[in-house]
2 protein chains.
Amino acid sequence: MDLVEELRNRGLKVTPQRMAVLRVLSEGGHYTGEQIYETLKKTEPGISLSTVYNALETLREARLINSFEARGATWYEFRKEPHANVICVDSDEILDVDVDLSNLTSSINSKGIKVKGVNLVVYGECGKSGESFHQ
Amino acid sequence: MDLVEELRNRGLKVTPQRMAVLRVLSEGGHYTGEQIYETLKKTEPGISLSTVYNALETLREARLINSFEARGATWYEFRKEPHANVICVDSDEILDVDVDLSNLTSSINSKGIKVKGVNLVVYGECGKSGESFHQ
DNA sequence: AGGGGTTCCTGGAAAAGTTTTAAATTGTTG
DNA sequence: CAACAATTTAAAACTTTTCCAGGAACCCCT
């Protein structure tokens with residue numbers, strides 16, 4: 001099922017702005033709302049920051065993208081398997097690291113909590129240094 | 001080693017404001033900076049919000065308390081073993097759930113990343129409903 | 001295909017909520 | 001008591017949400 005279909009199936013309209021946000025995130029990496037807005041301003045003249053935030057929230061509810069909070073901001077990424085978001089304290093990068101979270105989820109489920117989402121943020125030294133914009 | 005000693009050992013001054021913040025957190029639960037400020041205003045007349053934030057950052061760096069981000073705010077808790085912070089989507093409570101994170105940490109360490117901190121935020125239904133202030 | 005109508009979405013400005021900063025004052029430690 | 005760190009107050013910064021009028025997407029119909 002492609003992204004357009006997934007939006008329609010949920011009664012959501014397929015707008016150019018939503019597709020533009022998806023296009024940015026589908027290339028991989030981690031972005032704040034502001035970063036997506038700055039990226040899209042170049043190709044989507046007139047798009048507004050509130051539209052970006054509206055689209056992000058809608059796409060997140062539709063589970064087409066994920067979000068997590070770190071460093072005082074909300075970060076968005078294209079949907080993918082549960083994983084660790086590793087924040088490199090030396091390089092400011094955010095890396096995806098595949099880890100198995102199924103044991104953890106079932107352990108919490110067994111305590112009477114129905115797990116709806118898991119956000120794992122790890123702070124660590126990854127040996128690199130310097131800044132990188134595309135996170 | 002008590003808290004006063006731990007502050008002194010790190011070259012930090014023991015101020016009434018820092019001790020007041022520790023007193024709130026040591027009773028357990030999860031608080032935002034604003035909630036701690038509101039709590040302390042009753043017993044520490046004249047304390048300011050920025051002092052609370054300064055103290056929280058200092059205490060966090062000294063590893064006497066933990067913090068994690070969720071729901072658009074930073075939440076603080078007294079230091080304890082790594083665990084899952086479960087946000088109940090039905091009751092707005094935040095619960096501590098003990099889970100073993102050692103496998104996860106060593107798995108990430110083995111990929112060349114030196115783990116400095118783990119923040120595990122889980123969203124789930126815990127069957128309760130209604131609001132609770134002390135989280 | 002094309003048009004009409006309904007519903008939902010967008011854009012711009014402003015507000016809200018959280019956290020940080022600046023500069024002067026006060027407090028803690030040796 | 002001197003040296004230096006921490007607190008206070010106010011304002012600003014930063015991210016995100018809200019409001020609503022105008023516009024666009026979708027559905028149905030021909």
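Residue numbers start from 1 in every chain, and the chains themselves are labelled A, B, ... in the order their sequence lines are given, proteins ahead of strands.
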Over how many whole Å does the gap from [X] atom [atom1] to [N] atom [atom2] extend?
{"X": "A:I47", "N": "C:dA13", "atom1": "CD1", "atom2": "P", "value": "16 Å"}
{"X": "A:L7", "N": "D:dA24", "atom1": "CG", "atom2": "C1'", "value": "15 Å"}
{"X": "A:E69", "N": "D:dT16", "atom1": "CD", "atom2": "P", "value": "8 Å"}
{"X": "B:W75", "N": "C:dG17", "atom1": "CH2", "atom2": "P", "value": "14 Å"}
{"X": "B:E57", "N": "C:dT21", "atom1": "CD", "atom2": "C1'", "value": "14 Å"}
{"X": "A:R60", "N": "D:dT16", "atom1": "CZ", "atom2": "C1'", "value": "13 Å"}
{"X": "B:E34", "N": "C:dA16", "atom1": "CD", "atom2": "P", "value": "14 Å"}
{"X": "A:K41", "N": "C:dG12", "atom1": "NZ", "atom2": "C1'", "value": "14 Å"}

Can you tell me if [X] and [Y] form a side-chain donor-acceptor pair at under 3.5 Å?
{"X": "B:D98", "Y": "B:H83", "result": "no"}
{"X": "B:T51", "Y": "B:S48", "result": "yes"}
{"X": "B:T32", "Y": "B:E34", "result": "no"}

Would you mind classifying the nucleic acid contact of B:T74 as base, sugar-phosphate or nothing, using non-hydrogen atoms under 4.0 angstrom?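 Touches sugar-phosphate only.
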
Contact class for A:G46 (heavy atom, under 4.0 Å): base, sugar-phosphate, or nothing?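 The residue A:G46 makes sugar-phosphate contact but no base contact.
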
First of A:T58 and B:L49 reached from the 5' end of DNA chain C, by closest nucleotide: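 Mapping each residue to its closest nucleotide by heavy atoms, the 5'-most match is A:T58.
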
Using only side-chain N and O atoms of B:Y53, determine if any of them is under 4.0 Å from OP1 or OP2 of C:dT19.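 Looking at the OP1 and OP2 atoms of C:dT19, one of them is under 4.0 Å from a side-chain N or O of B:Y53.
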
Short side-chain N/O contact to C:dT10 OP1/OP2 from A:T51, under 4.0 Å: no

Are A:V99 and A:V97 close enough that some pair of their side-chain heavy atoms sits under 4.5 Å apart?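 They are in contact (side-chain heavy atoms under 4.5 Å apart), so the answer is yes.
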
Between B:Y31 and B:E77, is there a side-chain heavy-atom distance shorter than 4.5 Å? no

So does B:R79 pair up with B:E6, basic N to acidic O under 4.0 Å? yes

Flag, side chain of B:E125 to backbone of B:C88, donor-acceptor distance under 3.5 Å: no

At under 4.0 Å between heavy atoms, which parts of nucleotides 22-30 of chain C does protein reach? Answer with one letter per nucleotide, 5' to 3': B base, S sugar-phosphate only, - none. -----BBS-

Hey, which of these two, B:G11 or A:Y76, hits DNA chain D nearer its 5' end, going by closest nucleotide?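 Per heavy-atom nearest nucleotide, the more 5' residue is B:G11.
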
